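Okay, so here's the structure we're looking at.
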Amino acid sequence: MNTQAVKDAFRATFGRAARGVVSGPGRVNLIGEHTDYNDGFVLPIAIEKQTLGAWSPRDDGRIAFASVQQPGKGVEIDLCEPIIPSAPAWANYPKGVAVELMREGIELAGCDVMFDSTVPLNAGLSSSASLEVAAAMALLTAAGATLPPEKLAKLCQRAENDFAGAPCGIMDQSISIMGTAGHALLLDCRRLETKQVPFNDPRAVLLVADTRVKHDIGDGGYPLRRKQCEEAAKLLGVTALRDTTMEKVQAAFQAGKLNEQHLMRCRHVIGEIQRTLQAVEALRADDLNRFGDLMYASHASLRDDYEVSCEELDAIVELAEGCEGVFGARMTGGGFGGCAIVLTEANHAGAVRDAISAGFEKRFSRRCPIFATHAADGARVIE
Ligand code: ADP
Ligand code: MG
C-alpha cells in the first residue's frame, strides 16, 4: 500500500511529518440492494480503493481536517467549543465522526488529519463511509482509544445521517470496518450480526463499471424509496418489510390497503432479501452460475419494481449479458447512476471489459471507466 502521497500532502499542508496512517476502504455490494433500511440482509465486499488518513498530534485542543480531494477547503474545530455542521460540506463527515466519538465518551486528542482517497467521489462506491471510517480510525488512534466494530459502524452512520444530512443505511460503514480479504460480509441489518462468506474463486473476476452518472443520496429518489417502504410496512402492520411475505403483501393490495407502487417496492425488497440469502448459499456451494443468475434477477427487480436504475446502468448489464463467460451483472449501490458490477470468468475478463467499454462508448459517446476489484481488508492502522 502506497502511503507516500498522503504523507507528502500532510507535510505540505501542516509543515511537519505525519505520525501515523490509517485506512478506510470503499465497497461494492454484491447483492442485497435497498434492503438495509428494511432491516434485511446485504452482501458487500470492501475493495482495495480506499481513503487514507495521515495524522499527527497537536497540543492546542484543536483538530484540523484537510483533503487532497478538496484542495484549499480545510477546516479546524475546537474541542472545547460546540461543533455544528457548516461549509465546506465535505468536512461535515469527519466533523460528525468527531462529535459522535465524543458522545460515546471518547476523550479526543488534538490532531491534524490529511485525507487522500482512491475511491471515486459520488460514484456509488461509498467514498463517504470510507472517509468517515478513515476519520474515526485517525481520531481513535490519536486518542489511544478503540471501539468495538459494530459500535464504530453505527456511530459513523449517525455522523452521516445527522451531521452530513444523508440518510444512508448501516451497510457502508459496516463493510468498511469489518471487511476481510477474500470474503464478502453477510450483514443482518436488523441484528447487526455478520458472517464472512468466502469470495475469492480464482475462476472469476469482478469488474466495476462506472457510468459517471452522478447519483446524489440526498436527492429525492433515495429518501422517497425509504419513505414508501416505511409507509408500506406501517400499512402492513409490521416493523419493517423484512417481517412480511409476498402473500401478505398481495392480500393487502387486493384489499386496497396498498397501492400499486407499494406493491412494486415490496416485491423488490422481499425478493431481494431472499436473493441475498440464496446468493450466500450459491457462494458456499461454489455455484457461480447460480450466483450470476441472482445478480441479473436483482438488477431486473431494481430496474422494474424499485425504479432506481438508469439507462447507462441498464446498458452495461445488457452488454455484459451479451458477452461470453459472464456469470452475471447488476447495478450496485443506491442507483440513479453510479456503478454496475460484472462477474465474469477470469479468462474472459479482458474481452468482457473491452466489449462493455466499446459498447458504452458507441451508445453514449463517452467512456465508462472499468476496473477489476476483489474482496479486500476493512479499516486498518497501516503505520
Ligand atoms: P459516495 O459515498 O457514493 O461516493 P456520497 O454522496 O455518499 O457518495 O458521498 C460523497 C461525498 O463525500 C463527497 O461529495 C464529499 O463531500 C465527501 N467525500 C468523500 N470522500 C472524500 C474525500 N476523500 N475528501 C473529501 N470529501 C470526501
Ligand atoms: Mg455515500
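The figures here come from the full heavy-atom set of this structure, side chains too, leaving out hydrogens, waters and symmetry mates. Counting convention: from 1, in listed order, for ligands and their atoms alike. As the structure is a computational prediction, the values presented were derived from the model and not from experiment.
- One of the N, O or S atoms belonging to Ser128 lies under 2.8 Å away from the Mg ion (ligand 2).
- For Phe10 and Phe115, the ring centers sit 6.0 Å or farther from each other.
- In this structure, Arg330 pairs ionically with Glu33, as a charged nitrogen and a carboxylate oxygen lie closer than 4.0 Å.
- For the pair Asp116 and ligand 1, the shortest N or O to N or O distance does not fall below 3.5 Å.
- The distance from ligand 1 to the heavy atoms of Ser67 drops below 4.0 Å at these ligand atoms: 22 (C), 23 (N), 24 (N), 25 (C).
- Note on ligand 1: Phe115 sits outside its first shell, no heavy atom being nearer than 4.0 Å.
- Ligand 1 lies within reach of Ala123, whose nearest heavy atom is under 4.0 Å from it.
- Distances from atom 16 (O) of ligand 1 to the heavy atoms of Tyr222, Phe65, Trp90 show the closest one on Trp90.
- For ligand 1 and Gly124, the ligand atoms under 4.0 Å from any heavy atom of the residue are 3 (O).
- Heavy atoms of Leu131 found under 4.0 angstrom from ligand 1 belong exclusively to the side chain.
- With ligand atoms numbered from 1 in the order given, ligand 1 contributes 23 (N) to contacts under 4.0 Å with heavy atoms of Ser117.
- Classification of the Tyr222-His34 ring pair by plane angle, with boundaries at 30° and 60°, yields tilted.
- Salt-bridge formation is not detected for the pair Arg212/Glu312: no Lys NZ or Arg NE/NH1/NH2 atom is positioned less than 4.0 Å from an Asp or Glu carboxylate oxygen.
- Asp188 and Arg191 are joined by a salt bridge, as a carboxylate oxygen and a charged side-chain nitrogen come within less than 4.0 angstrom of each other.
- Note: His183 and Phe199 fail the aromatic proximity criterion, with ring centroids not under 6.0 Å apart.
- Counting only N and O atoms by type, the side chains of Ser309 and Asp314 include a donor and acceptor under 3.5 Å apart.
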